[in-house]
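Read the structure below first, then the notes.
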Amino acid sequence: MVAHPDLQTQFDLRVAEDQRIEPKDWMPEPYRRTLVRQISQHAHSEIVGMLPEGNWITRAPSLRRKAVLLAKVQDEAGHGLYLYSAAETLGTSREQMIDDLHSGKAKYSSIFNYPTLSWADMGVIGWLVDGAAIMNQVPLCRTSYGPYARAMVRICKEESFHQRQGYEIMMTLAKGSEAQRAMAQDALNRWWWPVLMMFGPKDDESPNTALSMQWKIKRFTNDELRQKFVDATVPQAEYLGLNIPDPDLKWNETRGHYDFGPINWDEFWEVVKGNGPCNRQRLEARRKAHEEGAWVREAAAAYANKRKAKSEK
Amino acid sequence: MFEANPYPEEVNAALSDFLLRMADTSLVLGHRLSEWCGHGPILEQDIAMSNLALDLIGQARNWYQLAAVQLGQGQSEDDLAYLRDAGQYRNVLLVELPNGDFGQTVLRQFFFDAYHYHYLKALTESGDENVANIAIKSLKEATYHLKWSSEWVIRLGDGTEESHRRMENALRELWEFTGELTTPNETDQLLTIMGLTPDLNLIRPLWEQQVQVVLAEATLEIPNRAWMQKGGKNGVHTEHLGFLLAEMQFLQRAYPNCEW
């Protein structure tokens with residue numbers, strides 16, 4: 001589609017001047033498509049992301065931890081809700097987006113295809129997975145599309161709270177018994193590399209980065225954010241007395257950054273393709289919830305129609 | 001935190017038993033509701049069920065803290081929740097029943113809320129100010145819970161043929177567990193005489209009235225079966241509670257004496 005030159009110019013200018021694009025504004029189709037893809041993917045990640053942590057709500061080791069974890073997973077449902085609403089402003093319905101998730105057409109963050117095997121995983125997910133998410137998401141508070149940027153402001157506030165809670169779980173375990181420290185180290189060993197993969201493929205292999213940067217949907221490249229994350233996390237792990245499972249990790253005086261070892265991109269692409277340890281189970285759990293809820297949604301709609309018919313009489 | 005009120009030994013034992021019942025009942029129901037998290041039929045209702053669960057777990061914590069103080073043995077809320085076995089749990093049977101489908105969860109919630117709302121309202125007049133204060137706080141939440149569950153019972157009862165049939169099934173499953181809610185045991189009898197808790201015999205007609213009104217609007221018929229199960233208040237439970245506690249208490253049992 002060839003855009004009307006004036007509209008295209010106006011759009012380009014607004015983006016260049018850091019003005020927000022709003023739902024009723026003209027926008028190029030590829031910009032709209034990219035946003036729907038990214039926002040819905042983000043919403044799906046929140047919803048699928050409820051599952052690995054949801055696993056431990058019924059096993060949380062104290063009443064306070066139980067309440068905090070439940071509230072956290074509930075926040076993720078809330079984030080999913082704002083994000084679906086933001087994506088709906090671009091003309092795609094929530095049902096359509098959910099169908100795309102269930103058919104496998106839409107993606108969600110690969111990190112949620114890893115299993116949560118111990119209570120320490122609740123700590124590591126808060127500390128590292130939410131920490132990585134924050135690195136990715138804080139720049140999105142300034143993203144060019146208004147409803148997305150506003151949703152991200154609310155989400156980031158809650159995410160940083162979640163990250164502190166996760167780190168607090170890690171501190172408690174690190175100060176605890178030998179078995180608890182071992183639990184914490186084991187969780188870090190299993191999650192470290194998958195978390196680094198959360199920033200996406202290397203810049204030279206990331207097909208969407210260039211355009212997204214130009215449209216100011218994205219503000220930093222994958223590799224920039226990954227480096228920032230490693231630099232921030234190493235001292236935190238040291239403070240906990242835990243070892244990051246990377247023999248190549250060391251401070252590079254010249255670069256002013258930590259160097260780290262090679263990421264296993266074969267694993268990354270396998271998980272993206274659906275071969276991670278829990279890909280099938282996660283999607284099945286979502287499909288099952290949706291299918292088993294169909295009668296509830298139908299009943300609610302039927303009841304609402306009856307009420308409407310009555311009030312019109 | 002709470003300060004213990006001094007009572008004669010027998011009364012204090014009954015009061016502690018009652019406090020544990022309130023705590024266990026809220027915790028077990030909150031735990032059941034939390035099992036829905038991430039699996040609800042509609043995102044908005046997933047969130048709503050987590051809200052109910054969070055309210056109930058919060059209430060349970062208040063009741064446990066007060067129970068610990070009255071028991072006076074230096075236990076924490078977590079000791080009481082995580083280190084007692086099924087036979088020591090005092091919750092009513094209704095709340096430990098498995099979730100079933102969404103309709104069954106909603107109906108269980110409604111039966112409980114209809115009791116909880118009227119009971120808490122009367123409990124705000126308790127002669128023990130700690131008990132009265134927890135009741136006042138909990139009543140606000142219970143009022144919202146009753147609204148939520150009543151609306152869903154009506155919506156599903158009067159929705160589609162399928163939803164109506166499912167609600168009839170849920171009624172058949174749950175009805176026999178409702179009697180215990182408003183049937184006093186020895187603990188209730190003593191505490192009522194002492195002016196610490198309301199007379200459950202006076203709560204029963206309020207519960208029945210609430211249930212009749214909502215079920216009628218939901219086009220559902222009250223089963224005319226008279227037999228009611230009981231036992232939870234005295235520590236005799238269904239087979240379900242042991243599994244629930246095995247899951248809930250696993251970390252505390254597998255790694256004793258740890259901070260979490």
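Lettering of chains follows the sequences in order, A, B, ..., and the numbering in each one begins at 1.
Closest non-hydrogen pair, A:N279 versus A:G274, comes out as ND2-CA, 3.1 Å. The nearest pair of heavy atoms linking A:S118 to A:M183 is OG-CG, 3.5 Å. When every heavy atom of A:A86 is checked against every heavy atom of A:I39, the shortest pair comes out as CB-CG2, 4.3 Å.
Taking B:D101, B:L251, B:L156 one by one and counting their heavy-atom pairs under 4.5 Å with chain A, the maximum is reached by B:L251. Annotation: maximal heavy-atom pairing with chain A below 4.5 Å, among B:R61, B:E259, B:M248, B:M49, occurs at B:R61. Between chain B and the residues A:T58, A:T172, A:L70, A:V296, the largest count of heavy-atom pairs under 4.5 Å involves A:T58. Contact count against chain B (heavy-atom pairs under 4.5 Å) is highest for A:A71 among A:A71, A:G54, A:A179, A:A304. Ranked by heavy-atom pairs under 4.5 Å with chain B, the first of A:K306, A:E292, A:R65 is A:K306. Most heavy-atom pairs under 4.5 Å with chain B: of the set A:M50, A:E168, A:E298, this distinction falls to A:M50. Per-residue heavy-atom pair counts under 4.5 Å with chain A were compared for B:F250, B:W152, B:Y82, B:Y64, and the maximum is reached by B:Y82.
A salt bridge links B:K147 with B:E151: at least one charged nitrogen is closer than 4.0 Å to a carboxylate oxygen. A salt bridge does not link A:R59 with B:E247: none of the charged nitrogens is closer than 4.0 Å to a carboxylate oxygen. Ion pair B:D24/B:R84 flagged as a salt bridge, since at least one NZ, NE, NH1 or NH2 atom sits closer than 4.0 Å to an Asp/Glu carboxylate oxygen. Salt bridge status for A:D99 with A:K105: absent, with no side-chain N to carboxylate O gap under 4.0 Å. A salt bridge between B:E162 and B:R166 is present, with a side-chain N of the basic residue lying under 4.0 Å from a carboxylate O of the acidic one. A salt bridge between B:R32 and B:E35 is present, with a side-chain N of the basic residue lying under 4.0 Å from a carboxylate O of the acidic one.
Proximity to chain A involves both the backbone and the side chain of B:N51, based on heavy atoms less than 4.5 angstrom apart. In this structure, no portion of A:M171 lies under 4.5 Å from any heavy atom of chain B. Both the backbone and the side chain of B:A53 come within less than 4.5 Å of a heavy atom in chain A. The parts of B:I154 that come within reach of chain A are both its backbone and its side chain, each placing non-hydrogen atoms under 4.5 angstrom from that chain. The part of A:Q180 that comes within reach of chain B is its side chain, from C-beta onward, which places non-hydrogen atoms under 4.5 angstrom from that chain. For a residue to count as touching a neighbouring chain, one of its non-hydrogen atoms must lie under 4.5 Å from one of that chain's; by this rule A:L173 touches chain B with the side chain only. A:R64 touches chain B through backbone and side chain together, each having a heavy atom under 4.5 Å away. For B:E77, the parts lying near chain A are the backbone and the side chain together; criterion is any non-hydrogen pair under 4.5 Å. Both the backbone and the side chain of B:I47 come within less than 4.5 Å of a heavy atom in chain A. For chain B, the nearby part of A:I47 is the side chain; its heavy atoms alone come within less than 4.5 Å. Heavy-atom distances place no part of B:W36 under 4.5 Å from chain A, backbone and side chain included. Only the side chain of B:D46 comes within less than 4.5 Å of a heavy atom in chain A; its backbone stays farther off. Proximity to chain A (any heavy atom under 4.5 Å) is shown, for B:F102, by both the backbone and the side chain. With a threshold of 4.5 angstrom between heavy atoms, A:K66 approaches chain B through side-chain atoms but not through N, CA, C or O. Residue A:L63 touches chain B through both its backbone and its side chain, counting heavy-atom pairs closer than 4.5 Å.
Aromatic rings of A:H102 and A:H290 (six-membered ring for Trp) have centroids within the 6.0 Å cut-off, being under it.
The shortest side-chain heavy-atom distance between A:E53 and A:E76 falls under the 4.5 Å cut-off. Between A:W127 and A:I169, the closest side-chain pair of non-hydrogen atoms is not below 4.5 Å.
Within 6.0 Å of the CD atom in B:E44, the count of heavy atoms belonging to other residues, nucleotides or ligands exceeds 12.
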